[in-house]
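Just so we're on the same page: letters track the sequence lines, and every chain starts at 1. These numbers come from the heavy atoms of this one structure, side chains and all, not from hydrogens, waters or symmetry mates. Everything quoted here is computed from the prediction, not taken from an experiment.
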Number of protein chains: 2
Amino acid sequence: MTGTTAPLVLIVDDEPAQLTLLRHNLTAAGFRVATAQDGEEAVLAVAEQGPDVVLLDWMLPRLSGLEACRRIKATPEGRATAVIMVSARSEERDRVRGLDTGADDYITKPYSVAELVARVRANLRRVRPVSVGQVLEHGDIRLDAEAHRVSRDGTPLHLGPTEFRLLAAMMERPGKVWTREALLDRVWGREVYIDTRTVDVHVGRLRKALCARGGADPIRTVRGAGYAMG
Amino acid sequence: MTGTTAPLVLIVDDEPAQLTLLRHNLTAAGFRVATAQDGEEAVLAVAEQGPDVVLLDWMLPRLSGLEACRRIKATPEGRATAVIMVSARSEERDRVRGLDTGADDYITKPYSVAELVARVRANLRRVRPVSVGQVLEHGDIRLDAEAHRVSRDGTPLHLGPTEFRLLAAMMERPGKVWTREALLDRVWGREVYIDTRTVDVHVGRLRKALCARGGADPIRTVRGAGYAMG
DNA sequence: CGATACTGTGACAGTGGTGTGACAGTCGAG
DNA sequence: CTCGACTGTCACACCACTGTCACAGTATCG
């Protein structure tokens with residue numbers, strides 16, 4: 001669930017053919033994939049692996065998709081993941097029931113792979129705000145998260161991976177002051193032992209890159225607190 | 001966007017009949033409703049009113065729904081709201097384009113009111129938990145805790161860390177008289193050995209900063225007791 | 001009025017937070 | 001392998017900020 005690894009999608013379906021097909025397509029789209037074959041497995045897998053998105057088939061052995069969804073959404077991990085119900089039923093009352101159970105989205109068979117992937121991305125965007133196709137703008141700075149590109153005033157900039165994530169985090173909430181600890185959490189990952197002063201160094205490098213071709217420093221230092229955009 | 005008031009839904013459509021219909025149904029469902037008639041209005045309305053959900057028609061004058069969605073999602077307010085694209089086009093490639101622009105959901109005409117409301121609710125569930133930074137105001141003084149910013153009458157002020165915390169504490173409870181000991185506790189920390197007269201010095205510095213560009217002294221000295229805002 | 005207690009504030013030295021160049025270690029590409 | 005890109009740490013310099021003091025100003029009371 002940190003910004004560094006690929007998003008994890010849990011596929012729940014009882015037909016092996018479906019699992020293989022989906023795994024193949026989602027892997028090709030850059031996601032990590034986990035699978036479960038019935039509702040109980042699904043609930044367990046969510047608790048253990050904390051996926052970012054769950055593709056949940058409506059018809060499942062042992063525990064219906066609807067009930068599985070309810071149980072998933074009853075856990076803290078479940079609330080932090082997006083559940084997409086997959087079903088052959090396209091009647092409206094089912095859609096309504098599905099959404100009111102806590103499902104985040106609903107997709108009906110037959111669906112195209114393109115739409116499925118787009119849906120997964122769209123839901124992912126809410127669960128992991130920055131990591132997926134999103135263009136952030138702040139003043140003359142543009143950051144394309146999907147293409148991994150940054151430009152200032154139209155001219156492209158070269159940033160290392162860490163500086164890129166650092167900029168992305170700060171651009172996501174302009175004005176917000178990030179403590180060094182918060183940035184370590186967000187940019188480096190939750191379980192890392194890193195000197196907080198390292199943040200200073202990377203902020204310095206980011207500043208140098210952003211101001212290489214002139215322009216005001218877009219990063220504000222708040223003494224005793226941390227850093228902020230704008 | 002606060003927790004106490006009803007969720008705000010922004011309806012964007014150029015047909016007055018649609019606006020009236022949607023407003024009626026959503027109001028009946030317990031939402032607050034705002035409206036916009038074209039894409040530019042929509043982008044503006046999102047920035048100004050910070051709705052929880054936007055119902056965005058695909059076909060709009062001046063700025064297409066797609067482009068409006070992109071611009072909305074490039075702003076911090078936009079990222080904190082759910083955008084539901086509404087369209088007569090049900091072809092798949094449009095859905096994909098819509099979702100990849102940053103839209104959170106997609107609904108096609110004709111839709112039933114029940115499904116629409118269910119979708120709005122489902123999207124709301126994800127958007128609502130996002131809390132917004134606390135902004136304290138007292139007279140013409142504004143203190144943004146998250147951004148660590150203070151302004152008086154619109155002009156930004158520079159405060160040191162201690163003065164900032166001091167002001168924040170006093171603004172949190174306007175009128176309350178703080179003893180020097182209470183302020184030491186609150187601002188400096190519980191187990192500090194500091195001369196109580198130090199509080200006086202910092203209050204003085206805070207006053208100087210607040211009144212640097214004119215204006216009445218917002219801090220009241222209570223002889224024998226301490227200090228208070230207003 | 002004088003005495004006393006309390007508060008405002010300029011000055012100042014010390015501290016500690018921050019910017020930054022240097023450097024060694026790691027990793028992947030060629 | 002070598003090379004280059006990137007990372008994390010350190011040391012040093014700088015200066016904004018801090019806490020304290022001394023003295024001046026002001027309210028309170030006999």
Does the separation of the ring centres of A/H202 and A/W188 fall below 6.0 angstrom?
yes
Could B/D144 and B/R149 be called an ion pair, given the rule that one side-chain N must be under 4.0 Å from one carboxylate O?
no
Scan A/G204 against the nucleic acid and name what it touches under 4.0 Å (heavy atoms): base, sugar-phosphate only, or nothing.
nothing
Would you indicate what B/Y227 reaches in the nucleic acid, counting non-hydrogen atoms under 4.0 angstrom: base, sugar-phosphate, or nothing?
sugar-phosphate
Just wondering, more than 12 heavy atoms not from A/R180 lying within 6.0 Å of its CZ?
yes
Should B/R180 be listed as having a side-chain N or O under 4.0 Å from OP1 or OP2 of C/dT7?
yes
Starting at CH2 of A/W178 and ending at P of C/dT18, how long is that distance when rounded to a whole Å?
18 Å
Just how far, in rounded Å, is C1' of D/dT7 from CG of A/L206?
15 Å
Go through C/dG8, C/dT18, C/dG10 for me and flag the one nearest to the B/K208 side chain.
C/dG10
Looking across every strand, which nucleic acid part, if any, lies under 4.0 Å from A/V222 by heavy atom: base, sugar-phosphate, or nothing?
sugar-phosphate
Look at A/R186 together with A/E172 and state whether they make a salt bridge at an N to O cut-off of under 4.0 Å.
yes
If you draw a 6.0 Å radius around NZ in B/K176, do more than 12 non-hydrogen atoms from other residues or ligands fall strictly inside?
yes
Quickly work out the A/E181 CD to C/dG17 P distance and round it to whole Å.
12 Å
Whole-Å gap separating C1' (D/dT7) and CG (A/L184)
13 Å
May I ask you to test the A/L184-A/V199 pair for a side-chain heavy-atom distance under 4.5 Å?
yes
Once you round it to whole Å, what is the distance between P of C/dA11 and CG of B/D200?
19 Å
Once you round it to whole Å, what is the distance between C1' of D/dC6 and CG of A/L166?
14 Å
Separation of B/F164 atom CZ from C/dG17 atom C1', in whole Å?
17 Å
Which letter, B, S or -, goes with each nucleotide of nucleotides 11-26 of chain D from 5' to 3', with contact meaning a protein heavy atom under 4.0 Å?
-----BSBBBB-----
Just by distance, with hydrogens left out, do B/S64 and B/R70 show a side-chain donor and acceptor under 3.5 Å apart?
no
